[in-house]
Amino acid sequence: MRIIRTIAEVREAVRDARRQDRRVGLVPTMGAFHEGHLALMRAARRDNGLVVVSLFVNPTQFGPNEDLSRYPRDEARDAVLAEREGVDILFAPEPSEMYPDGFATTIHVSGLTDVLDGAQRGARHFDGVATIVAKLFGIVAPDVAYFGQKDAQQVLVVRRLVRDLDLDVRIEAVPTVREADGLAMSSRNVYLDGAARQRATALNRALETAAARAAAGERDAVVIEAAAREVLAASGIRPEYLELRDAHDLQAMDRLDRDGLLAVAARVGDARLIDNRLLKANH
Ligand code: AMP
């Protein structure tokens, strides 16, 4: 596996692979790898001749009061894990490589970014995501790019970006990888101390409880959401949001009469956690 720091070198490596007719897969990440990241890498390895993983803690997607400075970083460990998964290139640029002096362009995907994490973290978060993803697509020109369903809103934003800008890349969403007790894996889980780590399991339990109600025939969004809220409350968690929304366009939903996304964000101890569950209407 090669660790590459410059855009020019990545481009050259991708050009060489293309000359050999190898399909190119890209996995964008911010590092601090866990099994969720590795699942994306495995999917990419299975489908492609060249696998590029980007490792870049993108400053523009963090708000001023968020955790940019303390975000977990361990490139040496990440490199070992990526190499073990058969990754060909770890692209780990410095911020100055991605945002040189004079950088002036922002991509804003409207609508989808007004709700859930967009409303909570501010529009700039998804502007930062859309802009860095567009840059990575421009640099690597992948055939396929892999994203985790854990960040369901991010997947929708990236799909919209690809459609609207006619980018020639297929987006693959990979199911959320969880700990044995159901907690969705996240680089931010390292912020959880023992008690908070235990309480954090309530997020998945809340989603499961709501999903069971839906599977049993409940269609009223208020009732479905209340079932989840009750589980959170029992663990002393007041969510930043807990909402059932249309799984495709994130419009508000009164009734589960089409596929819904039940999404939650909550602060637990020192960590801000998100999770979600797809609820099918045709159970
Ligand atoms: P991050 O490094 O947190 O920006 O995540 C990089 C990619 O891994 C994103 O597409 C995430 O959605 C995905 N990801 C993060 N956690 C998980 C997980 N538990 N299961 C599946 N994918 C994940």
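Remember, it's 1-based here, ligands and their atoms both numbered in the order they're listed.
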Salt-bridge criterion met for R277 and E208 (N-O under 4.0 Å): yes
field: Which segment of H37 sits under 4.0 Å of ligand 1 when only heavy atoms are counted
entry: side chain
query: Are L232 and L192 joined in one hydrophobic group, where the rule is that I, L, V, M, F, W and Y side chains link up if heavy atoms are under 4.5 Å apart?
result: yes
message: Between ligand 1 and A184, is the shortest N or O to N or O distance under 3.5 Å?
response: no
task: Classify the angle between the aromatic ring planes of F56 and Y99 as parallel (below 30°), tilted (30 to 60°) or perpendicular (above 60°).
output: tilted
query: For L55, which of T29, V27, I3 qualifies under side-chain contact (heavy atoms from CB on, under 4.5 Å)?
result: T29
query: Is R255 paired with D220 through a side-chain N to carboxylate O contact shorter than 4.0 Å?
result: no
query: Under a 4.0 Å heavy-atom limit, does Q154 contact ligand 1 with its side chain, its backbone, both, or neither?
result: side chain
- prompt: Within 45° of the ring axis of Y191 and under 6.0 Å from its six-membered ring centre, is that where the NZ or CZ of R70 lies?
  reply: yes
task: Give the contacting part of V155 toward ligand 1: side chain, backbone, both or neither, where contact means a heavy-atom distance below 4.0 Å.
output: neither
Atoms of ligand 1 close to L40 [distance to a heavy atom under 4.0 angstrom, numbered from 1]: 7 (C), 8 (O), 10 (O), 13 (C), 22 (N)
query: Any idea which atoms of ligand 1 are less than 4.0 Å away from a heavy-atom of G36?
result: 17 (C), 18 (C), 20 (N), 21 (C), 22 (N)
query: Out of D168, L26, L165, which one pairs with F137 under the side-chain contact (heavy atoms from CB on, under 4.5 Å) rule?
result: L26
message: Counting non-hydrogen protein atoms only, what is the nearest one to atom 20 (N) of ligand 1? Give residue, atom name and distance.
response: V177 N, 2.8 Å
Any R197 side-chain heavy atom under 4.5 Å of N189 side chain: no
field: Proximal ligand 1 atoms for F147, defined as those under 4.0 Å from one of its heavy atoms
entry: 10 (O)
- request: Have a look at ligand 1 and work out which part of H34, if any, has a heavy atom under 4.0 Å from it: side chain, backbone, both or neither.
  value: side chain
message: Is there a polar contact between ligand 1 and G148, counting only N or O atoms under 3.5 Å apart?
response: yes
field: Crowding at CD, Q120 (>12 non-hydrogen neighbours, <6.0 Å)
entry: yes
field: Protein contact of atom 12 (O) of ligand 1 - nearest heavy atom, named by residue and atom, plus distance
entry: D151 OD2, 2.6 Å
query: Which ligand 1 atoms are under 4.0 Å away from a heavy-atom of M185?
result: 16 (N), 17 (C), 18 (C), 19 (N)
Side chain, backbone, both or neither: the part of P28 lying under 4.0 Å from ligand 1 by heavy atom: backbone
- prompt: Would M185 and L40 show up in the same hydrophobic cluster when neighbours are defined by side-chain heavy atoms closer than 4.5 Å?
  reply: no
message: Once you restrict to heavy atoms under 4.0 Å, what part of P175 touches ligand 1? Side chain, backbone, both or neither.
response: backbone
- request: Specify side chain, backbone, both or neither for M30, according to which of its non-hydrogen atoms lie closer than 4.0 Å to ligand 1.
  value: both
